[in-house]
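One structure below.
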There are 2 protein chains.
Amino acid sequence: MKWSDLSDNWCPVARTLSVVGDRWTMLVLRDCFLGMSRFEQFIESSGMTRHILADRLKRLVEAGVLERVAYTTTPKRYDYVLTEKGKELAPALLSLRDWGKKHLPVRRATSA
Amino acid sequence: MKWSDLSDNWCPVARTLSVVGDRWTMLVLRDCFLGMSRFEQFIESSGMTRHILADRLKRLVEAGVLERVAYTTTPKRYDYVLTEKGKELAPALLSLRDWGKKHLPVRRATSA
DNA sequence: TTGCCATAGTTCCAAAACGACACTCAATAC
DNA sequence: GTATTGAGTGTCGTTTTGGAACTATGGCAA
């Protein structure tokens with residue numbers, strides 16, 4: 001079975017994961033919750049490649065988790081902001097954060 | 001930056017995702033919370049390939065989220081059971097479930 | 001004692017996704 | 001003019017995935 005087939009799974013966990021369950025997606029959302037909204041900000045903060053970020057943003061907009069809001073018209077540039085639907089992922093992010101704080105202490109500093 | 005470099009990230013969300021943030025891993029944990037513990041059960045329940053399941057189980061055991069408990073000695077066979085550390089991921093799973101129930105209604109039935 | 005089944009993986013290969021880096025395009029800054 | 005910034009694309013080689021077949025170990029049954 002392919003990952004993409006999960007979107008129609010009977011299980012709500014699986015359906016959620018079909019949206020946010022791949023590499024990097026949750027990190028983009030974390031940055032959104034931290035107040036970021038622009039392409040270059042996400043790149044710098046998360047360390048992911050531009051290629052993948054473009055893909056993830058597209059998916060998140062399609063899923064209704066983020067909204068593309070133009071902030072200049074020429075050239076077209078957009079802020080990516082959380083929708084209500086997106087904001088309601090906060091509890092999941094917080095749970096992941098708490099678990100990481102408790103169970104995965106930092107072993108060495110990184111510059112990211 | 002590579003995905004695997006996240007394990008030493010300053011952000012606890014990123015560190016958590018380095019363990020559970022890739023495709024399928026959370027689904028394996030969901031099945032564990034539903035009471036499953038064996039290879040073939042995970043395969044049947046999640047629809048993932050054997051290959052990937054073997055890899056994910058190995059990583060989860062290495063990460064201390066699951067524990068391998070022998071249930072026959074010849075041949076060696078194991079139950080995969082949640083450790084305390086693993087059980088504490090429950091809030092995250094529940095958050096993902098709630099979000100899916102609310103925001104991702106099923107569009108058509110599937111047999112999985 | 002040969003044959004079949006079950007469990008738990010492994011191996012192999014093709015296809016898709018990823019990672020690194022260069023390049024584009026529009027506008028503004030110097 | 002030339003350089004810089006923001007938001008991506010294009011290319012290309014490397015990993016990871018998906019699918020199917022294969023292996024290993026023992027139980028059971030004819």
Side-chain angles (χ1 to χ4, degrees), chain A residues 1-9 14 17-28 31-32 35-62 66-81 110-112, chain B residues 1-7 9 14 17-28 31-32 36-62 66-81 110-112:
Chain A
M1 187 210 267
K2 288 193 181 170
W3 177 257
S4 54
D5 296 339
L6 285 181
S7 57
D8 288 308
N9 198 275
L17 291 173
S18 75
V19 176
V20 301
D22 60 6
R23 289 177 168 92
W24 302 112
T25 297
M26 275 296 204
L27 280 190
V28 174
D31 288 344
C32 291
M36 300 180 192
S37 64
R38 303 211 175 148
F39 197 90
E40 300 296 327
Q41 287 177 316
F42 297 131
I43 287 292
E44 188 174 4
S45 165
S46 69
M48 63 198 296
T49 62
R50 325 176 66 70
H51 210 83
I52 296 172
L53 176 60
D55 176 74
R56 295 299 185 274
L57 288 173
K58 187 146 56 74
R59 287 168 187 268
L60 287 170
V61 169
E62 278 167 12
L66 295 183
E67 194 177 1
R68 235 158 71 114
V69 180
Y71 72 91
T72 67
T73 48
T74 54
K76 286 267 181 198
R77 299 234 166 111
Y78 301 91
D79 281 310
Y80 292 89
V81 299
T110 56
S111 54
Chain B
M1 187 210 267
K2 288 195 180 170
W3 176 257
S4 53
D5 297 338
L6 284 181
S7 57
N9 199 275
L17 291 174
S18 76
V19 176
V20 301
D22 59 7
R23 289 177 168 91
W24 302 113
T25 296
M26 275 296 204
L27 279 191
V28 175
D31 287 345
C32 291
M36 300 179 192
S37 64
R38 304 213 175 147
F39 196 91
E40 300 296 327
Q41 287 178 317
F42 296 132
I43 287 291
E44 188 174 2
S45 165
S46 69
M48 63 198 296
T49 62
R50 322 174 69 69
H51 200 79
I52 295 171
L53 176 60
D55 176 75
R56 294 299 185 273
L57 288 174
K58 187 147 55 75
R59 287 167 187 268
L60 287 170
V61 169
E62 279 167 11
L66 295 183
E67 194 178 0
R68 235 158 71 113
V69 180
Y71 71 91
T72 67
T73 47
T74 55
K76 285 270 182 197
R77 297 231 168 113
Y78 302 92
D79 282 309
Y80 293 89
V81 299
T110 56
S111 56

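All chains are named by letter (A, B, ...) in the order of the sequence lines, taking the proteins before the strands, and each is independently numbered beginning at 1. None of the values given here were measured: they were computed from a predicted structure. Side-chain atoms are counted along with the backbone in the values below, which use heavy atoms only and exclude waters and symmetry mates.
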Which of A:Arg59, A:His51, A:Lys58 passes side chain to side chain donor-acceptor pair (under 3.5 Å) with A:Asp55? Answer is A:Arg59
So, using side chain to side chain donor-acceptor pair (under 3.5 Å) as the criterion, who are the partners of B:Gln41 when residues are at least two apart? none
Just how far, in rounded Å, is C1' of C:dA6 from CD of B:Glu44? 13 Å
Distance check: side-chain N/O of A:Tyr80 vs OP1/OP2 of D:dG8, anything under 4.0 Å? yes
Nearest 0.5 Å, please: how far is OG in A:Ser46 from CG in B:Leu17? 11.5 Å
Length of the line joining B:Ile43:CD1 and C:dA8:C1', which is rounded to integer Å: 10 Å
All N/O contacts under 3.5 Å from nucleotides 12-18 of chain D to the protein, with atom names and distances to one decimal?
unit_1, atom_1, unit_2, atom_2, d
D:dT17, OP1, A:Arg23, NH1, 3.2
D:dT17, OP1, B:Arg56, NH2, 2.9
D:dT17, OP2, B:Arg56, NH2, 3.4
D:dG18, OP1, A:Trp3, N, 3.4
D:dG18, OP2, B:Trp24, NE1, 2.8

Result block: side-chain N/O donor-acceptor pairs under 3.5 angstrom for residues 18-26 of chain A, not counting sequence neighbours:
unit_1, atom_1, unit_2, atom_2, d
A:Ser18, OG, A:Arg15, O, 2.6
A:Asp22, OD1, A:Thr25, OG1, 2.5
A:Thr25, OG1, A:Arg56, NE, 3.4

Starting from C1' on C:dG19, measure out to CG on B:Leu6 and report it in whole angstrom. 13 Å
Let me know the distance between CG of A:Leu57 and P of D:dG8, rounded to the nearest Å. 7 Å
Ignoring hydrogens, what is the shortest heavy-atom contact between B:Ala14 and B:Leu6? Give both atom names and the distance. O-CB, 3.9 Å
What is the distance, to the nearest angstrom, from the CG atom on B:Leu53 to the C1' atom on C:dA8? 10 Å
With sequence neighbours left out, the residues meeting side-chain contact (heavy atoms from CB on, under 4.5 Å) with B:Leu53 are B:Val28, B:Phe39, B:Phe42, B:Ile43, B:Met48, B:Leu57
I'd like a table of atom pairs between the protein and nucleotides 4-6 of chain D - only N or O on both sides, under 3.5 Å - with the distance next to each one.
unit_1, atom_1, unit_2, atom_2, d
D:dG6, O4', A:Arg77, NH1, 3.1
D:dG6, O3', A:Tyr71, OH, 3.0
D:dG6, N2, A:Arg77, NH2, 3.0
D:dG6, N3, A:Arg77, NH2, 2.7

Please tabulate, one pair per line, all N/O donor-acceptor pairs under 3.5 Å involving side-chain atoms of residues 72-81 of chain A, not counting sequence neighbours.
unit_1, atom_1, unit_2, atom_2, d
A:Thr72, OG1, A:Pro75, O, 2.6
A:Tyr78, OH, A:Arg68, NH2, 3.3
A:Asp79, OD1, A:Ser37, OG, 2.8
A:Asp79, OD1, A:Arg38, NE, 2.7

What one should report as the nearest heavy-atom pair of B:Gly47 and A:Met1 is O-CB, 3.1 Å
